[in-house]
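Computed over heavy atoms, backbone and side chain alike; hydrogens, waters and symmetry mates excluded. All chains are named by letter (A, B, ...) in the order of the sequence lines, taking the proteins before the strands, and each is independently numbered beginning at 1. Here the structure is a predicted model, which means the values were calculated and not measured.
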2 protein chains.
Amino acid sequence: MNVTIYDVAREANVSMATVSRVVNGNPNVKPATRKKVHEAIERLGYRPNAVARGLASKKTTTVGVIIPDISSIFFAELARGIEDIATMYNYNIILSNSDQNKEKEIHLINTMLGKQVDGLVFMGGDITEEHRQEFRNASVPVALAATLDESGETPSVNIDYEDAAYEATDLLLSHSKRVAYVSGPDNTSINTKKLDGYKKAMKEHGQGVDDQLLIVGDYSYDSGKEAAEQLLDLEERPSGVFVASDEMALGVIHGFQDSGVRVPEDVEVFGFDNTRLATMIRPTLSTVVQPMYDIGAVSMRLLTKLMNKEEVEETNVILPHRIIERNSTNAE
Amino acid sequence: MNVTIYDVAREANVSMATVSRVVNGNPNVKPATRKKVHEAIERLGYRPNAVARGLASKKTTTVGVIIPDISSIFFAELARGIEDIATMYNYNIILSNSDQNKEKEIHLINTMLGKQVDGLVFMGGDITEEHRQEFRNASVPVALAATLDESGETPSVNIDYEDAAYEATDLLLSHSKRVAYVSGPDNTSINTKKLDGYKKAMKEHGQGVDDQLLIVGDYSYDSGKEAAEQLLDLEERPSGVFVASDEMALGVIHGFQDSGVRVPEDVEVFGFDNTRLATMIRPTLSTVVQPMYDIGAVSMRLLTKLMNKEEVEETNVILPHRIIERNSTNAE
DNA sequence: CTGAAAGCGCTAACAT
DNA sequence: ATGTTAGCGCTTTCAG
């Protein structure tokens, strides 16, 4: 049997209400009483039961975090941002992997709501009407991190993917006439945005989009290697490749190198994300800097405001990105 | 106001107890009643309140996970193993980063216990007497993952670090006469074990331990680069380097390469962990395979048994490791 | 400034 | 097979 607030009350010769007050820092307690209570707490080794508190107060000070895969270097970085800010605001985090599987996602949303989380941070692929339905039903706020809701209905934090992809492609096009694009799995809106940016740059440089130059990967290192091999098989090889994630870009680079094709001399490669990987390879990777930690942090911060019912001017936050040129592309 | 078990009971014309029974899958319910209740639940959109359930049953079906840094590729992999098995056994996870800071660790243990977790998975550096004190006080089981408790008192899952380090060094010594060791931050017991393994191999090969050959890093890529530079400054350079983590090994390799020293021709490098990084670099990294996912998974499985009060034959589990030779070392 | 008492939503005996 | 009834440990009016 654990010691309860009632035991403390008796030990200190006060009521439960008073103990509750000192535990919660309510100022309406005479210093002498406060001291008495603190001593009793100390003596008994009392530790408030957050579950009981949650039931009574209807606040659990925990938020749910749904993430595709915590072992991905990209999402892990996001998660760290989320957790740091959560800690800062005294929340704990219930973390679950969804593998971007819609059924799992819906299921997780529900178990987390069942656990009475005060809010939800969601990361995933596409937000469907079904997701929105669940979110509306939630009775607690939801924030999307690095995840797009086309309807704009769910608060979110992202960068401008299209713009970023445009800039990267444009830069490549400034010294490579023929540039390919290795995308993530089709059909998610972030992918579509990036592809749009690529196409826009191509168009501006007077190029049509050659389907041979469009390879669909799955963000993994291995799919990057495969993409490189496919590109190498083309009768007319690209001289530049824009890749939708750093890890996949790494695969592309090695795919080339393993076939004796030099990067950047023979072909330039441009990544996306700027994960720690980018400087941990040779050549170091030119890439789009996506502030993952910040996206996580800002989304959590946004959520705290929402949970607090504070006014939020902009619920669909776009964080700045930038381009960083390293050694996988040719300098001007 | 959310719909409660009481509302469902009234809607279905049964008692709360019956509703509770069907929600919890208790077989003692007539199928017809069960159906009636399910319909009422559906109609009302009832979702059981896990907090209330937790208070009444004294089980929250959530476990706490304390991890040094979720954004580290090594720990993220462990975390995935933990979460997968937790999900399998219907537990959720409260995840917090400790940065291996003892104060934070102790604090986290306490807030998690306050939240009435059913158990705790702990990852960290050293387990001190203070940690043990907290664990004993916990009233719920604790399992260590990739973390040593010298006293053997806390259930844990690890590999044999000394043995692994011995094998790696021994292999290096079979074609390099002079091998250096780049360790993690001093003074944690895992580090000590690895160092012991290194020393043992050196001794067996008739070599004393040359302090110049012992570099202390912090597991990071950058500290690996620095270590390489230090090693290069030696009047008598090593021909092989054993490094305590893959990420740091990567740094060592690049430190060498950036100075025009070839790996493995001029110097061999051996890593530890076999994170995904190991095959994502050139040359690919020879390393000790530490089954991180499994360590996480097994520790969580162990914890479920402990929470279930099942008999556990061995509470200090040692998982097998192995050596994998890739291209950062010379073949026989 | 402090206490009494009524829940919060559910589980778990104990009856029936 | 189903209902009744205490709590679980805490917060929160409402009095005083």
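D:dT11 atom C1' lies 8 Å from atom CD1 of A:I5, rounded to whole Å. At whole-Å resolution of the value, CZ in A:R34 and C1' in C:dT2 are 13 Å apart. One atom, NZ of A:K59, and another, C1' of D:dT11, lie 13 Å apart when rounded to the nearest Å. Protein atom CG of A:N28 is 14 Å distant from nucleotide atom P of D:dT12, rounded to whole Å. Rounded to a whole Å, the CZ atom of A:R21 is 14 Å from the P atom of D:dC14. The separation between A:L55 atom CG and C:dC10 atom C1' is 8 Å, rounded to whole Å. Between the CD atom of B:Q116 and the P atom of D:dG9 there is a distance of 9 Å, given to the nearest Å. Rounded to whole angstrom, the span from the CG atom of A:N2 across to the P atom of D:dG9 amounts to 8 Å.
Interatomic distance, A:T315 OG1 to A:L302 CG, rounded to the nearest 0.5 Å: 7.0 Å. Rounded to the nearest 0.5 Å, atoms CD1 (A:I94) and CD1 (B:I94) are 5.0 Å apart.
Residue pairs meeting the salt bridge (Lys or Arg N to Asp or Glu O under 4.0 Å) criterion with at least one member in residues 116-130 of chain A, sequence neighbours excluded, are A:K102-A:E130, A:E129-A:R132, A:E129-A:R136. Counting only residues at least two apart or in different chains, salt bridge (Lys or Arg N to Asp or Glu O under 4.0 Å) contacts with residues 92-101 of chain B comprise A:R80-B:D99, B:D99-B:K104. Residue pairs meeting the salt bridge (Lys or Arg N to Asp or Glu O under 4.0 Å) criterion with at least one partner in residues 11-31 of chain B, sequence neighbours excluded, are B:E11-B:R43. Residue pairs that meet the ring-ring contact (aromatic ring centres under 6.0 Å, His included) test with at least one member in residues 67-104 of chain A, sequence neighbours left out, do not exist here.
Overall, the helix from C:dC1-D:dG16 to C:dT16-D:dA1 carries an axis bend of 30° between its ends, with five pairs at each end and the value rounded to 10°.
Dashed line: the shortest gap from a side-chain N or O of A:S20 to OP1 or OP2 of D:dC10 is not under 4.0 Å. For D:dC8, neither phosphate oxygen OP1 nor OP2 lies less than 4.0 angstrom from any side-chain nitrogen or oxygen of A:T4. Between A:K58 and C:dG9, a side-chain N or O to OP1/OP2 separation shorter than 4.0 Å is present. When the side-chain nitrogen and oxygen atoms of A:S57 are compared with OP1 and OP2 of D:dC10, none of them lie within a distance under 4.0 Å.
With C:dC8, C:dT11, D:dT2 as the choices, the nucleotide that has an atom nearest any side-chain atom of B:K30 turns out to be D:dT2.
Take B:N308 and apply the side-chain contact (heavy atoms from CB on, under 4.5 Å) test, not counting sequence neighbours, and it matches B:E310. Listed by chain and residue number, A:S156 satisfy the side-chain hydrogen bond (donor to acceptor under 3.5 Å, both in side chains) test with A:N316 (two or more places apart in sequence, or in another chain). Residues forming a side-chain hydrogen bond (donor to acceptor under 3.5 Å, both in side chains) with A:Y6 (at least two apart in sequence, or on another chain): none. Legend: residues meeting salt bridge (charged side-chain N to carboxylate O under 4.0 Å, His left out) with A:D7, ordered by chain and number and at least two apart, are A:R10. Partners of B:F135 under the ring-ring contact (aromatic ring centres under 6.0 Å, His included) rule, at least two apart in sequence or in another chain, are B:F122.
Closest-nucleotide positions on DNA chain D for B:A56 and B:P31 were compared, and the one nearer the 5' end corresponds to B:P31.
Using a 4.5 Å heavy-atom threshold, the side chains of A:L144 and A:P155 count as separate.
Residues from residues 45-54 of chain B with heavy atoms under 4.0 angstrom of DNA chain C, sorted by number: B:Y46, B:P48, B:N49, B:A52, B:R53. Residues from residues 10-19 of chain A placing a heavy atom under 4.0 Å of any atom in DNA chain D, listed by number, are A:M16, A:A17.
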